[in-house]
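Accompanying notes for the structure given below.
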Amino acid sequence: MVSTPDEHQAYGGTVTHDVTNQAPPLTPYDASDDTALLEGLRREGAGWAEEDLRRLGRQAGSAQAQEWADLANRHEPELRTHDRYGNRVDEVEFHPGWHHLMRTAIAEGLAASPWADDRPGAHVVRTAGGLVWGHTEAGHGCPTSMTYAAVPALRRQPELAKLYEPLLTSREYDPVLREPTEKRGLLAGMGMTEKQGGSDVRTNTTTATPTAEPGVHTLRGHKWFTSAPMCDLFLVLAQAPGGLSCFLVPRVLPDGTRNTFRIQRLKNKLGNRSNASSEPEFDGTVAWLVGPEGQGVKTIIEMVNCTRLDCVMMSAALMRTSLVQAGHHARHRSAFGARLVDQPLMRNVLADLALESEAATTLTLRLAGAADRAIRGDEGEMAFRRIATAVGKYWVTKRGPAFTAEALECLGGNGYVEDSGMPRHYREAPLLSIWEGSGNVNALDVLRALSREPGTAEALFGELDLARGADARLDAAMARLKTGLSEASQTTARRLVEQTALTLQASLLVRHAPPAVADAFCATRLGGDWGHAFGTLPQAADLTAIVERALPGGGRGAGAG
């Protein structure tokens, strides 16, 4: 016998499918509602874009944009090597959600458009936009990042830059494959690593054979990890007669025929699933020399500096969106007679995550400011950018996986299911430490900068000295750092870079953040009054002030009821 609802109630039962004590959907929300972000935007000379950033923040947190992100990751790109007749086509098909994300990102200036914008702070605006639009999903940030980074490298060959730069800096997304100069906008990728060498690109075996036309070569080889193979142009490293050199490879040649760019397979990656990463094969592939022959690494290094900053940016964006979701859940979920956000231990966890997130965001915007001013010729900022970007790339991206894991745990079992979106963030987080040089590569790069470019250490301590005398723990950390730099070696490189990053972050927070934030960061990250997991802030930390600064609307504001 099946009971009717009335009979069920008559026997004193309850309706089993009533949903209680669950957080409502986070969307729509404003992804730019981040005090540290907006303060940093103004401080780094880009406050003129605040209104646009807020508009983008509302779009990033909209139900539509979040659905695009979900669909682009659930319906992954598919490789079609041949058409139905057997012709080689080497096409990658994407879900419409991917194209919507790409179209918005490029229209909002998150690709290469800052290179065509003379306003001071234009490159900071792009980074701030990435911090906000990163609340959608990370995969489509790869082609926009590489397109941005390709411009300074391409400028090493002025005739090529004159031809392609106006299209690379366009704000129009044109995904149809055809001759580049016939398009409304272009995307650029890069192909450096090969299976036998990885980051040791000087061991590359792809060969470049000169043709009768000056500067034009044909390539033969196999690249191991080339993301976004649907781009129009690629900067590629290959061994020319004069040594390792940089080349421009278009997918479609000036006469409209397909260049040889055989996509062997797409990588089956842990995360970043919406983005296609491939293994292309070159065989008689036509390429144009970029920069002097034999100086391929020197030519392409500026591209790497740009993409490393984007890795820092995306890690900071992942931290922020994970914190926002954890805080939203804690505001609405109750346990043991109180909302989670009001439980002292949960507040400790959220506050600790908030410190880490603000430190990452503040450093990211400082690096963006340095990049913007370096591009405009500031030599001091060039030196600071040289060392600080490698330091930030090492440390902020390393913090991402532990951070997203802790934020996921704030949701408990609800965070472990795919519907929450948190597993996607967790899978994404390790990538940023690996791409554009793993931790060891960046740590060694810091040592290289210190030993070969003395001005970098001077620039670093010039920045740190701006906060000298404001906090005894910071002053002590600066002294330890100076000693550590004088004793640097490969064995101690990671510890040295970690110490540098924490000291730099602390100096920025002491100068720019409220006392509650700066004091808790210095006490824990520099003073050692901290455990081994998030949520171990000392008793004296002002948890309420930290959390209310970090969460959208304040700790008890919008959405807290």
Side-chain angles (χ1 to χ4, degrees), residues 81-82 87-91 146-147 149-168 177-183 186-197 200-264 278-304:
T81 57
H82 297 77
N87 298 304
R88 189 93 196 195
V89 292
D90 296 293
E91 295 278 7
M146 292 190 297
T147 301
V151 171
L154 195 60
R155 287 178 174 178
R156 298 292 297 274
Q157 205 69 34
E159 64 274 18
L160 293 177
K162 182 179 179 180
L163 184 64
Y164 295 119
E165 186 174 326
L167 293 166
L168 290 169
L177 185 64
R178 59 177 177 269
E179 201 278 313
T181 61
E182 295 180 357
K183 298 186 63 172
L186 299 178
L187 295 173
M190 59 181 174
M192 293 193 289
T193 60
E194 296 179 8
K195 51 185 174 288
Q196 81 290 341
D200 187 6
V201 295
R202 294 190 186 278
T203 64
N204 282 3
T205 60
T206 295
T207 58
T209 303
T211 68
E213 184 177 350
V216 181
H217 294 62
T218 56
L219 307 186
R220 179 174 171 75
H222 182 185
K223 293 297 179 180
W224 185 238
F225 219 111
T226 299
S227 288
M230 68 291 186
C231 290
D232 303 285
L233 310 169
F234 291 84
L235 290 176
V236 172
L237 292 179
Q239 299 286 357
L244 190 67
S245 305
C246 180
F247 294 91
L248 179 74
V249 175
R251 288 203 61 198
V252 179
L253 295 170
D255 63 3
T257 61
R258 292 279 189 101
N259 207 356
T260 304
F261 193 97
R262 301 192 187 109
I263 303 174
Q264 301 303 304
S278 70
E279 294 178 32
E281 182 181 66
F282 304 139
D283 187 7
T285 302
V286 182
W288 280 258
L289 182 66
V290 178
E293 189 171 324
Q295 295 187 24
V297 173
K298 186 176 181 180
T299 298
I300 212 167
I301 197 65
E302 182 63 19
M303 187 175 191
V304 174

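We count residues from 1, following the sequence as given. Only a predicted model underlies this, so the values are computations on that prediction, with no experimental measurement involved.
The two residues L244 and V201 make their nearest non-hydrogen contact at CD2-O, 3.7 Å. Here the closest non-hydrogen pair linking P210 and A208 is CD-O, 3.8 Å. Closest of all the heavy-atom pairs between S245 and A240 is OG-CB, 3.6 Å. Nearest heavy atoms, L289 versus G291: CG-O, 3.3 Å. Among all heavy-atom pairs drawn from P250 and P180, the shortest one is CB-CG, 4.4 Å. Here the closest heavy-atom approach between residue T147 and residue A188 is recorded as OG1-N, 3.0 Å.
Under the 3.5 Å distance criterion, the side-chain polar atoms of E179 are matched with a main-chain donor or acceptor of T181. Using modelled atom types, no side-chain atom of R251 and backbone atom of C231 make a donor-acceptor pair closer than 3.5 Å. When atom types are taken as modelled, the side chain of E194 and the backbone of T205 share a donor-acceptor pair closer than 3.5 angstrom. Not a single donor-acceptor pair under 3.5 Å links the side chain of T257 to the backbone N or O of L253.
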Next item on the list: Apply side chain to side chain contact (heavy atoms under 4.5 Å, CB included) to D232 and V252, showing your working.
Entry: CA-CA 7 Å; D232 303 285; V252 179; over 6 Å; no
Next item on the list: Go through Q196 and N204 one step at a time and tell me if the side chain to side chain contact (heavy atoms under 4.5 Å, CB included) criterion holds.
Entry: CA-CA 8 Å; Q196 81 290 341; N204 282 3; 4.1 Å; yes
Note to self: side chain to side chain contact (heavy atoms under 4.5 Å, CB included) for R220 and D283? Distances and angles first, verdict last.
What the structure shows: CA-CA 5 Å; R220 179 174 171 75; D283 187 7; 3.0 Å; yes
Next item on the list: Please step through side chain to side chain contact (heavy atoms under 4.5 Å, CB included) for the pair C246 and L237, ending with a clear verdict.
Entry: CA-CA 5 Å; C246 180; L237 292 179; 4.2 Å; yes
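With values rounded to the nearest 0.5 angstrom, N87 atom CG is found 11.0 Å from T81 atom OG1. The distance from atom CG of D90 to atom CG of N259, rounded to the nearest 0.5 Å, is 11.0 Å. Rounding to the nearest 0.5 angstrom, the gap separating the CG atom in L187 from the CZ atom in F234 is 9.0 Å. Taken to the nearest 0.5 Å, the CZ atom of F282 stands 9.5 Å off from the NE2 atom of H222. From M146, atom CE reaches atom CG of L168 across 12.0 Å, with rounding to the nearest 0.5 Å. The CZ atom of R202 sits 9.5 Å away from atom CD of Q239, with the distance rounded to the nearest 0.5 Å.
Checked against T285 for a side chain to side chain contact (heavy atoms under 4.5 Å, CB included), the options T218, V236, T206, T260 give a single hit: T260.
A heavy-atom distance below 4.5 Å is not found between the side chains of E302 and R155. Side-chain contact between P292 and R156: present, with at least one pair of heavy atoms (C-beta onward) separated by less than 4.5 Å. For the pair Q157/W288, no side-chain contact is recorded, criterion being any heavy-atom separation below 4.5 Å from C-beta on. E293 is listed as a side-chain neighbour of H217, based on a closest heavy-atom distance under 4.5 Å.
Ionic pairing of E279 and K223 is not present here: no N-O contact between side-chain nitrogen and carboxylate oxygen is shorter than 4.0 angstrom.
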